[in-house]
Structure formats: C-alpha cells, structure tokens
Amino acid sequence: MSAPVRVRFAPSPTGYLHVGGARTALFNWLYARHTGGTFVLRIEDTDNARNSQEAVDVILSGLRWLGLDWDEGPLTGDADGPVRGDFGPYFQSRRGEIYRRRAEELKAKGLAYEKDGALFFRMTRDPVTIPDLVVGDVVRPLTDREALDPDWVLIRSDGVPVFHFVNVVDDLEMGITHVIRGEDHLSNTAKHIALFEAFGVEPPRYAHIPLILNLDGSKMSKRDQGASVQSYIDDGYLPEAVINYLSLLGWSSKTATELFTAAEIAPLFDLPDINRSNARFDLKKLEHFHFEHTRRLSPDRFVENGVEALRKAGIETAGFDPAYVRAALLTAQEKGKLFKELPVWTDFYFALDDAVAYEAEAKAKALIPAAVPIVSQLAARFAALPEFTAAALEVSLKGLAAELGMKVGALIPPCRVACTGRLVGPSLYHLLEVLGREKVARRLERARMVSGS
Ligand code: GLU
C-alpha cells in the first residue's frame with residue numbers, strides 16, 4: 001500500500017487567478033478526490049513586496065467560485081475561537097520559523113554556507129534526473145554557468161528565503177506526495193530534487209502539465225481574453241462549465257461524452273492520462289460548455305443565478321410574485337446564454353407599468369401604421385381566449401394570420417415588439433403566457449397607439 005495522496009495548489013498572490021493556475025488547482029483537486037487523498041492550499045507569499053490581502057482574496061474567491069474546496073489548513077476563527085471547518089490556507093509568510101530551522105539543518109550538515117550575507121545551497125555537481133509522470137524521465141545537464149558554480153541562494157542577504165527553498169521545505173513538511181504543476185516549473189525541478197536529497201527525504205512524484213496557449217499558439221498573457229478567472233465570474237459563466245472546459249485542457253476523458261461535472265470527472269481522472277502537448281485555449285468551446293451546462297442546470301439554480309444577474313444590471317425582481325419571476329427567467333434557460341446577457345433577454349418581464357422600452361430598430365420595423373390593425377385584432381382575440389396558455393395563444397395567432405391571408409411571420413414581430421421591445425427573445429407564445437392576460441393586453445394597447453402615431 002502506498003501512502004495516502006497529498007497534493008497542493010501553491011499560488012503566488014500576483015493579483016489575479018490565471019486560467020492556467022485554476023487548471024493546476026483543478027488537476028490537483030481532481031487527483032485528491034480521485035484517490036481519496038488530501039488537497040492542500042498554500043499561498044506562496046514570501047515575496048512581501050508584491051503581496052496584498054486583495055491578491056489573496058482573488059485566489060480564494062476564485063477557488064470557491066469554482067468549487068475547489070481545500071481540505072486542511074490552520075483554523076482561522078474570530079474572538080470566539082476557531083470555527084470548525086473554517087480553516088484558511090497555509091501562508092508561507094507565517095512559516096518563517098520553519099524555514100529558519102530547516103536552514104540550520106542544512107548548515108549543520110555542511111550543505112549550506114554563508115557568503116556575502118546570503119545563505120547558499122551546496123548543489124550537487126551531478127546531473128539530476130527528474131522522473132516525471134507526464135513528461136517521462138528528464139535529465140537536466142548543468143548549464144555552463146552552473147557547471148562553473150552550481151550553488152544557489154536559499155536565503156537572500158535581506159533575510160527573505162527564495163522560492164525554491166520554501167517551496168521544497170513546505171512540500172516536505174506538508175508530506176506532499178505528488179507535485180502537479182505547470183510545465184514552466186520543470187526547469188526548477190532539478191534544484192528541488194537536489195534539496196529533498198539534501199534533507200535526506202525522497203522527493204515527491206512530479207507531474208508537470210502542459211502549458212495553455214492562445215489559439216494561435218502564442219503564450220497566454222495576463223491581458224488575453226479569458227486569462228483571468230474573474231472575467232468568467234463577471235461575464236456570468238457557470239462555474240461547472242469553466243471546470244468542465246479546464247479539465248479538458250491537457251487531459252482527455254477517453255469517454256464518448258466530454259460533458260461532465262467535477263464530481264463526474266474525479267473518478268475518471270488520472271495522471272497518466274494527462275497529455276504531453278500544449279493545450280490551446282478556445283473561448284468558443286467554453287461557450288459551448290456553458291450552453292450545455294445551462295440547459296442541464298436545475299431550475300432553482302438557474303433562477304437564483306438569473307435573479308443575481310438581473311440585480312447586477314439594476315433590475316430588481318423583489319417587487320414581483322416569485323412564481324412570476326421564476327417562470328419568466330425559465331423561458332430563457334433553453335437559450336443557454338451567458339448570465340450577463342440574461343437582462344437583455346428578460347428585462348421586459350419587469351417593465352414597470354408595462355411601459356416596455358422599445359429598441360429603436362425593433363420599433364422602426366414592427367410598430368408602424370400597418371401594425372395597428374394586427375395589434376388590435378390580436379388584442380381582441382387574446383382577450384377572448386378562455387385559457388391564456390402558450391398552446392392556445394399559438395392557435396389564436398395562427399388562426400388570425402390565416403383569416404387575414406397573411407404569413408404568421410408578419411404577425412409575430414408586432415406582437416413580440418409590443419410585449420418585449422425587441423425582435424428576438426424567448427419563445428413568443430411562452431413569454432406571452434408568462435406575462436399573462438393583463439400585461440399582454442396593456443402592452444398591445446400601448447403598441448397600438450405607438451404604431452398609429
Ligand atoms: N508559487 C509557485 C507558482 O505560483 C508554485 C510552484 C509549484 O507549484 O511548485 O508558480
């Protein structure tokens with residue numbers, strides 16, 4: 001039996017959570033859940049100059065939004081003492097004592113020495129082989145400069161321990177069994193392995209995952225569209241869509257479907273199935289996953305997200321009957337739009353006093369004098385319907401078109417624009433049913449007057 005798996009996500013607080021970082025976090029989380037292991041979150045914040053509480057919060061809120069929960073950490077809590085389960089991540093900035101102790105240990109072994117005020121590591125002179133679960137064995141020969149002097153700094157002369165040192169000490173102290181991280185760290189790994197060996201500890205197993213590139217093959221930078229997890233939150237993507245999409249950046253499910261939730265991926269996910277070649281970031285594919293997951297979302301969650309999206313757009317639904325709000329929002333679910341687009345699809349339901357705002361183009365096209373008889377006859381028919389249902393409304397509108405010798409397509413725009421202000425939106429008969437007899441009557445009457453003037 002091998003030891004229980006312990007993995008970690010170890011971001012540096014740079015001010016935003018990059019999709020590459022989110023993908024690294026996800027792969028670690030998936031591997032922990034796959035193996036029944038532990039997922040540790042460690043904030044690598046020894047570089048004080050760049051750190052801020054906001055930079056940490058961006059990471060924490062991004063991970064929470066994605067649903068990537070971590071399993072341990074120091075208890076936080078307030079004056080009433082620690083709250084169970086309410087633990088923060090580990091912060092390297094609070095672990096200085098551990099690093100000092102470990103530095104002493106290396107000095108005592110003769111593997112670290114002071115020079116020019118800094119502490120240096122006596123690096124091995126032999127080539128280091130990195131056994132990697134994704135990339136295979138990588139032998140890293142020393143560069144010319146390293147061959148001349150392979151030693152490197154553990155603690156700078158200002159007392160700040162360097163990334164390689166704290167990273168390895170923490171992986172060691174935290175009993176990390178697998179280091180799953182971006183391939184950009186492969187070039188650091190020889191140093192890390194040598195340090196583990198200096199401590200007399202077997203290094204963890206490494207899995208370096210391919211980088212995420214733009215569609216054109218260029219390296220993804222901070223400014224590229226979709227680079228920051230916050231942009232998905234702001235645009236109203238579903239976190240399950242982002243998770244699904246990220247899981248396939250560098251991993252293949254080998255199943256017929258690619259549509260999964262995180263809980264469904266975890267049993268399938270394993271390190272040998274990670275691809276070696278770089279992944280390309282395709283926003284269109286992510287939108288497709290958003291569409292599919294939105295259509296599968298429970299109505300309750302769709303409505304909850306929808307209400308929030310409307311609130312962000314300044315549309316308050318609190319004054320309306322909850323059953324009405326729910327029915328209204330659900331007419332937009334099958335469209336699978338981003339939540340930031342939802343207000344445009346559903347704002348008309350909440351027009352105060354039924355004073356629908358007409359889009360200029362829609363009004364110019366549909367609310368013209370020729371629409372007056374159509375709108376008034378529709379109003380009369382609708383008023384006479386015993387039941388105000390989508391099916392009855394459809395029969396009624398089509399019946400009127402036939403009697404007038406007009407195409408159904410000629411009646412729909414005036415009716416739609418009268419009730420919604422727009423030429424596109426949710427299915428017409430359904431939205432009429434949801435609006436209900438009175439709102440539709442008022443809106444048709446107003447449109448009749450507007451069209452005639
Ligand atoms: N703080 C490092 C980074 O953000 C972590 C590297 C690692 O996962 O070992 O890139």
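As the structure lists them, so they are numbered: ligands from 1, and atoms in each ligand from 1. Throughout, numbering of the chain's residues begins at 1 and tracks the sequence.
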Relative to the ring of [Y], is the ring of [X] parallel (under 30°), tilted (30 to 60°) or perpendicular (over 60°)?
| X | Y | answer |
| --- | --- | --- |
| His293 | Phe289 | tilted |
| Phe339 | Phe302 | tilted |
| His185 | Phe163 | tilted |

> Which one of Arg181, His208, Glu44, His18 has a non-hydrogen atom at the shortest distance from atom 7 (C) of ligand 1?
Replying inline: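 Among Arg181, His208, Glu44, His18, the closest heavy atom to atom 7 (C) of ligand 1 belongs to Arg181.
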> Taking the non-hydrogen atoms of Asn167, is any one of them nearer than 4.0 angstrom to ligand 1?
Replying inline: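 Asn167 counts as a contact of ligand 1 under the 4.0 Å cut-off.
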> Quick one: does ligand 1 sit under 4.0 Å from the side chain of Phe9, the backbone, both or neither, non-hydrogen atoms only?
Replying inline: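 It is neither; nothing of Phe9 touches ligand 1.
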In terms of atom number and element, which parts of ligand 1 are under 4.0 angstrom from non-hydrogen atoms of [X]?
| X | answer |
| --- | --- |
| Ser12 | 1 (N), 2 (C), 3 (C), 4 (O) |
| Arg8 | 7 (C), 8 (O), 9 (O) |
| His185 | 2 (C), 3 (C), 6 (C), 10 (O) |

>> Tell me the protein heavy atom at minimum distance from atom 5 (C) of ligand 1, and give that distance in Å.
In response: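 The answer is Ala10 O, 3.0 Å.
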> Do Tyr206 and His192 come close enough that some side-chain heavy atom pair is under 4.5 Å?
Replying inline: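 Yes, close enough: below the 4.5 Å cut-off.
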> Side chains of Leu195 and Leu154: does their closest heavy-atom pair fall under 4.5 Å?
Replying inline: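 Yes, close enough: below the 4.5 Å cut-off.
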>> Evaluate Phe163 for polar contact with ligand 1, using N/O atom pairs at a separation under 3.5 Å.
In response: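 For ligand 1, there is no N or O atom that lies under 3.5 Å from one belonging to Phe163.
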> Does Tyr232 have its ring centroid less than 6.0 Å away from the ring centroid of Tyr245?
Replying inline: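 No, the ring centres sit 6.0 Å or more apart.
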